[in-house]
2 protein chains.
Amino acid sequence: MNVRDQLLEAAARVYAEAGYRGATTRRIASVAGVNEITLFRQFGSKDALMREAIERCRQDATVPLPQEPVDPVRELTDFARAHLARMRERRSFIRTCMGEFEEHPEIMEPENSPPAVAAKALGAYLGRLRERRVATAEFDECVAATMLMGVIFADAMGRDIMRDMFPRDPEATLLEYVRIFLRGLGVSV
Amino acid sequence: MNVRDQLLEAAARVYAEAGYRGATTRRIASVAGVNEITLFRQFGSKDALMREAIERCRQDATVPLPQEPVDPVRELTDFARAHLARMRERRSFIRTCMGEFEEHPEIMEPENSPPAVAAKALGAYLGRLRERRVATAEFDECVAATMLMGVIFADAMGRDIMRDMFPRDPEATLLEYVRIFLRGLGVSV
DNA sequence: TTTCGTTGCAAGCACCTACTTGCGCCCCGC
DNA sequence: GCGGGGCGCAAGTAGGTGCTTGCAACGAAA
């Protein structure tokens, strides 16, 4: 791994831990194991480095949902588990971004944010569930999709912060989320 | 309002906007409309001021849930609306706290955090719904309570950040959250 | 072998930070 | 009227910040 990538990775790590102001060039360089001057020679300024480092963390992993629903509980559990795992991995980074939204709103591009695209795909899947008469209740699939993504988001962000609020067994909790959710859409579980 | 309270309020406001590092003593004093030296004379140090200012924001408003459920949809909608409004008011502050959790985990006392106590009260209410045979499905009321609080939390935190993910009408969305949720517990809506 | 681009090191710049000192003003109780 | 406590102002401390300069070492390409 070349010096540039080391710096980008270190910048993202330090940013997640300490925020923009706390991510000093000296600290980033130290974590990257390179000289501070090299940072400026490579990126010109702290701002340019941070912008590129944060942009790098944006690559979203899309979780597929089947075109033809077969087993909604299993399919949605897999979907939710994948998103939950991914958000939990990045929780420090996400929390820092959210905390600095007031100061740097530009780093949040609402159009393509990963949860938003996931919610869209999920909404389409829920629409298919209704078309196939698997989901029999009246519901707004957009609100429903936002709801499930919101539960996943809250779990990923809050489990380590408010420890006594979240049940011990993450996997069982996840399954229960999905079961309550699907029953709410009129899917028999 | 005396100088001390002005400083405490200004400190909380600036902290919510800029975080701990961004809340400089000069900026706080300027927002409070007092001299920076007065800040140190009153509180001794920035840390003491911030600690007291943040502690002040902790006073939680408990939202009552009826002992005898009558109209679950209305009761839970009122409950959810109150919590949503309160979280949304304080969203900047909450987001900043979450963003700085890695650096200052001590400000989060997981035992008495407002969402946790709300979730506990909600769980008890859901238990009553089941005892009265209003909620007929099998569900874990602890997980269910966490689920609804999570949806509220995600809406309060995310609506202004990921604008296209949340439907336009907050009140209608809220009602739909509650309806899907209650149906998921086996309550006929 | 020479050359040249990349890196490290030492030092330093101007600015901001939390925090201190000394002095003068002004209002409030006596 | 007057003494004292609370406040503001000017100035300054030591340390951290982003960023720059000058110079030497190294390794690969020529």
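All figures in this text were calculated on a predicted structure; none of them were measured in a lab. So you know, we letter chains A, B, ... as the sequences are listed, proteins then strands, and number each from 1.
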Does [Y] have [X] sitting over its ring (NZ/CZ under 6.0 Å from centre, angle to axis within 45°)?
{"X": "A/K120", "Y": "A/Y125", "answer": "no"}
{"X": "A/R130", "Y": "A/F139", "answer": "yes"}
{"X": "B/K46", "Y": "B/Y20", "answer": "yes"}

Aromatic ring proximity A/F93/A/Y15, centre distance under 6.0 Å: yes
Taking atom [atom2] of [N] as reference, at what distance in whole Å does atom [atom1] of [X] sit?
{"X": "B/K46", "N": "C/dT17", "atom1": "NZ", "atom2": "C1'", "result": "8 Å"}
{"X": "A/R4", "N": "C/dT7", "atom1": "CZ", "atom2": "P", "result": "10 Å"}
{"X": "A/N2", "N": "D/dG27", "atom1": "CG", "atom2": "P", "result": "18 Å"}
{"X": "A/M50", "N": "D/dG18", "atom1": "CE", "atom2": "C1'", "result": "13 Å"}

For A/D5, all residues meeting salt bridge (charged side-chain N to carboxylate O under 4.0 Å, His left out), sequence neighbours excluded: A/R56
Residues which pass salt bridge (charged side-chain N to carboxylate O under 4.0 Å, His left out) with B/E17, listed by chain and number, not counting sequence neighbours: B/R27
Below 4.0 Å: OP1/OP2 of C/dT6 and any side-chain N or O of A/Q42: no
Presence of donor-acceptor pair under 3.5 Å, side chain of A/R41 and base of C/dG5: no
Nucleic acid contacts of residues 6-39 of chain A, taken as heavy-atom distances under 4.0 Å to DNA chain D: A/A23, A/T24, A/T25, A/R26, A/E36, A/I37
